[in-house]
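In listed order, ligands and their atoms are each counted from 1.
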Amino acid sequence: MSSQKKILVIGSNGQIGTVLTKKLGQKFGFENVIGSDLRIPDIPTKFIFEECSVLNKEKLEEIINRYNISDVYLLAAYLSAKGEKNIDKAWDLNMNGLLHILNFAKEKKIQKIFWPSSIAVFGPSTPKNDVPQYTITEPTTIYGVSKLAGESLCNYYHNKFGVDVRSIRYPGIIGWESMPGGGTTDYAVDIFHEALKHQEYTCFLSRDRTLPMMYMDDAIQATIGIMGAQFDKIKIRTSYNLSSCHFSPNDLAEEIKKHIPSFKIKYKVDERDALAQGWPSSINDRHARNDWGWEPNFNLSQIVSDIILNLRNRYNK
Ligand code: NAD
């Protein structure tokens, strides 16, 4: 049997999956990366693609056996805003998808799992600033409830069955290569496209709603980093706090104006602002830094410069 890692990314068409599959392919070889999603991607992929729902356990098992999968990155989920409109489906996908993958690892069909949690596990009773790893977690969305339950499930499977599952509480993630899929921080991607196309953006979060955010490159680096760390370096098997920067829509707009001086932001707040109101403004991630050497590379001004540079290139083509 080959010792080469074989990787399955579930939810490979999504905001993070699109970029993660590319980076994993560059690192481990595209022939060793299998993407899967509900739908076939719009454009051909360099990696192998399998159309499959994570809720279809039989088909998933067949794919895992056929490719001799060792590592699974489980990204398929209902996100915060979408989840509030589909509570039953959000619970079903977010919990049963995870349970299937944990059971494959328990049965030794796969070796290692990455499963992301979110800052949505926190709620209004959590301290607002510099939120520690161990704190009050009383989420107010079904998304946050499912992520919190998922964290406990991962910890339970690790302690009881020795499953090597690794997790990060992602903050809001922004980048230029892919579009977001129904989260509360989607504004921070949309704003760049509108700024470049129309020099104007109407924001659904309020002006000063500061949230923890991260550049896609840093999120991918953390994801591949935690999966590459030695087994005994991963001391937290619920999910690690992770942080790079935090900003409000107004902070982001001011930074964009340095590149596009005519840019204007307007506000038309909707229900997503109430979801974000319960979340922290900033996160303390010292455990991730100490345990497996996490360190971010991008602050707000670097994020904005890089996104605008790349989107200008794309739109000019
Ligand atoms: P996304 O919504 O952009 O992508 C999810 C992908 O999963 C989509 O391509 C969708 O078609 C696919 N999918 C949905 N149901 C499926 C099913 N039954 N079987 C297989 N695939 C299915 O999400 P994302 O932003 O890429 O997020 C990925 C993960 O990261 C999620 O677990 C999310 O909770 C977590 N996360 C994301 C952010 C963020 O800012 N993007 C923040 C915190 C946590």
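- Of the candidates Tyr170, Tyr78, Trp115, Tyr73, Tyr170 brings a heavy atom nearest to atom 43 (C) of ligand 1.
- Aromatic ring pairs are classed by plane angle as parallel below 30°, tilted from 30° to 60° and perpendicular above 60°; the pair Tyr170 and Phe114 is tilted.
- We find that Asp164 and Lys112 are not joined by a salt bridge, their nearest charged nitrogen and carboxylate oxygen being 4.0 Å or further apart.
- The closest protein non-hydrogen atom to atom 18 (N) of ligand 1 is Ser53 OG, 3.0 Å.
- Using a 4.0 Å cut-off between a side-chain N of Lys or Arg and a carboxylate O of Asp or Glu, Asp273 and Arg209 qualify as a salt bridge.
- Applying the 6.0 Å contact sphere to CG of Asp208 captures more than 12 heavy atoms from other residues, nucleotides or ligands.
- Here the protein heavy atom with the shortest distance to atom 8 (C) of ligand 1 is Asp37 OD2, 3.6 Å.
- Neither the backbone nor the side chain of Ser178 comes within contact range of ligand 1; no heavy atom lies under 4.0 Å.
- At under 3.5 Å, a nitrogen or oxygen of Gly14, whether backbone or side chain, sits near a nitrogen or oxygen of ligand 1.
- Shown in contact with Ala77 at under 4.0 Å from a heavy atom are these atoms of ligand 1, numbered in order with element: 31 (C), 32 (O), 34 (O).
- For atom 19 (N) of ligand 1, the closest non-hydrogen atom of the protein is Val54 N, 2.9 Å.
- Interface of Tyr143 with ligand 1, defined as ligand atoms under 4.0 Å from a residue heavy atom, comprises 33 (C), 34 (O), 35 (C), 36 (N), 43 (C), 44 (C).
- Of all the heavy atoms of Arg39, the ones lying under 4.0 Å from any atom of ligand 1 belong exclusively to the side chain.
- Residues His198 and Phe263 keep their aromatic ring centres 6.0 Å or farther apart.
- Atom 16 (C) of ligand 1 has Leu38 CG, 3.4 Å as its closest protein atom, hydrogens excluded (heavy atom only).
- Cation-pi check for Arg272 over Phe204 is met; the charged atom lies under 6.0 angstrom from the ring centroid and within 45 degrees of its normal.
- In the displayed structure, Lys128 atom NZ is contacted under 6.0 Å by more than 12 heavy atoms of other residues, nucleotides or ligands.
- Neither the backbone nor the side chain of Ser12 has a heavy atom within less than 4.0 Å of ligand 1.
- In this structure, Gly172 counts as a contact residue of ligand 1, since one of its heavy atoms falls inside 4.0 Å of the ligand.
- A salt bridge is absent between Glu61 and Lys57; no separation between the charged side-chain nitrogens and carboxylate oxygens falls under 4.0 Å.
- With respect to Arg289 and Glu295, no salt bridge is recorded, no charged nitrogen being found less than 4.0 Å from a carboxylate O.
- Put simply, the side chain of Arg166 reaches to within 4.5 Å of the side chain of Met227, judged on heavy atoms.
- Using a non-hydrogen distance threshold of 4.0 Å, Pro116 registers as a contact of ligand 1.
- Ring pair Tyr240/Trp292: centre-to-centre distance below 6.0 Å.
- Within the listing of ligand 1, atoms 2 (O), 3 (O) sit less than 4.0 angstrom from a heavy atom of Gly181.
- Of the polar atoms of Lys147, at least one N or O is found under 3.5 Å from an N or O of ligand 1, judged by distance alone.
- Residue-ligand proximity: Ala219 is placed with every non-hydrogen atom at 4.0 Å or more from ligand 1.
- Ligand 1 has no nitrogen or oxygen under 3.5 angstrom from a nitrogen or oxygen of Ala76.
- Other residues, nucleotides and ligands contribute over 12 non-hydrogen atoms within 6.0 Å of the CZ atom of Arg314.
- Salt bridge absent: Lys59 and Glu50 never bring a charged side-chain N and a carboxylate O closer than 4.0 Å.
- Closest to atom 25 (O) of ligand 1, if we only count protein heavy atoms, is Gln15 OE1, 3.4 Å.
- The proximity of Leu93 to ligand 1, defined as any non-hydrogen pair under 4.0 Å, is limited to the side chain.
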side-chain hydrogen bond (donor to acceptor under 3.5 Å, both in side chains) for His193 and Tyr201? Distances and angles first, verdict last. CA-CA 9 Å; His193 294 269; Tyr201 178 67; over 6 Å; no
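- Remark: ligand 1 and Ile173 share an N or O pair separated by less than 3.5 Å (distance only, no angle test).
- The distance from ligand 1 to the heavy atoms of Cys52 drops below 4.0 Å at these ligand atoms: 19 (N), 20 (C).
- The shortest heavy-atom distance from Ser117 to ligand 1 is under 4.0 Å.
- The environment of Lys160 atom NZ is sparse: at most 12 non-hydrogen atoms of other residues, nucleotides or ligands sit within 6.0 angstrom.
- Atoms of ligand 1 lying under 4.0 Å from at least one heavy atom of Pro171, given by number and element, are 40 (O), 42 (C), 43 (C).
- If you check each of Leu211, Leu79, Leu98 against atom 23 (O) of ligand 1, the one with the closest non-hydrogen atom is Leu79.
- Ionic pairing of Glu151 and Arg169 is present here: one or more N-O contacts between side-chain nitrogen and carboxylate oxygen are shorter than 4.0 angstrom.
- For atom 37 (C) of ligand 1, the choice among Asn56, Ile10, Ile16 with the nearest heavy atom turns out to be Ile16.
- The Ser118 neighbourhood of ligand 1 comprises atoms 43 (C), 44 (C), with distances under 4.0 Å to a heavy atom of that residue.
- The protein heavy atom nearest to atom 31 (C) of ligand 1 is Leu75 O, 3.2 Å.
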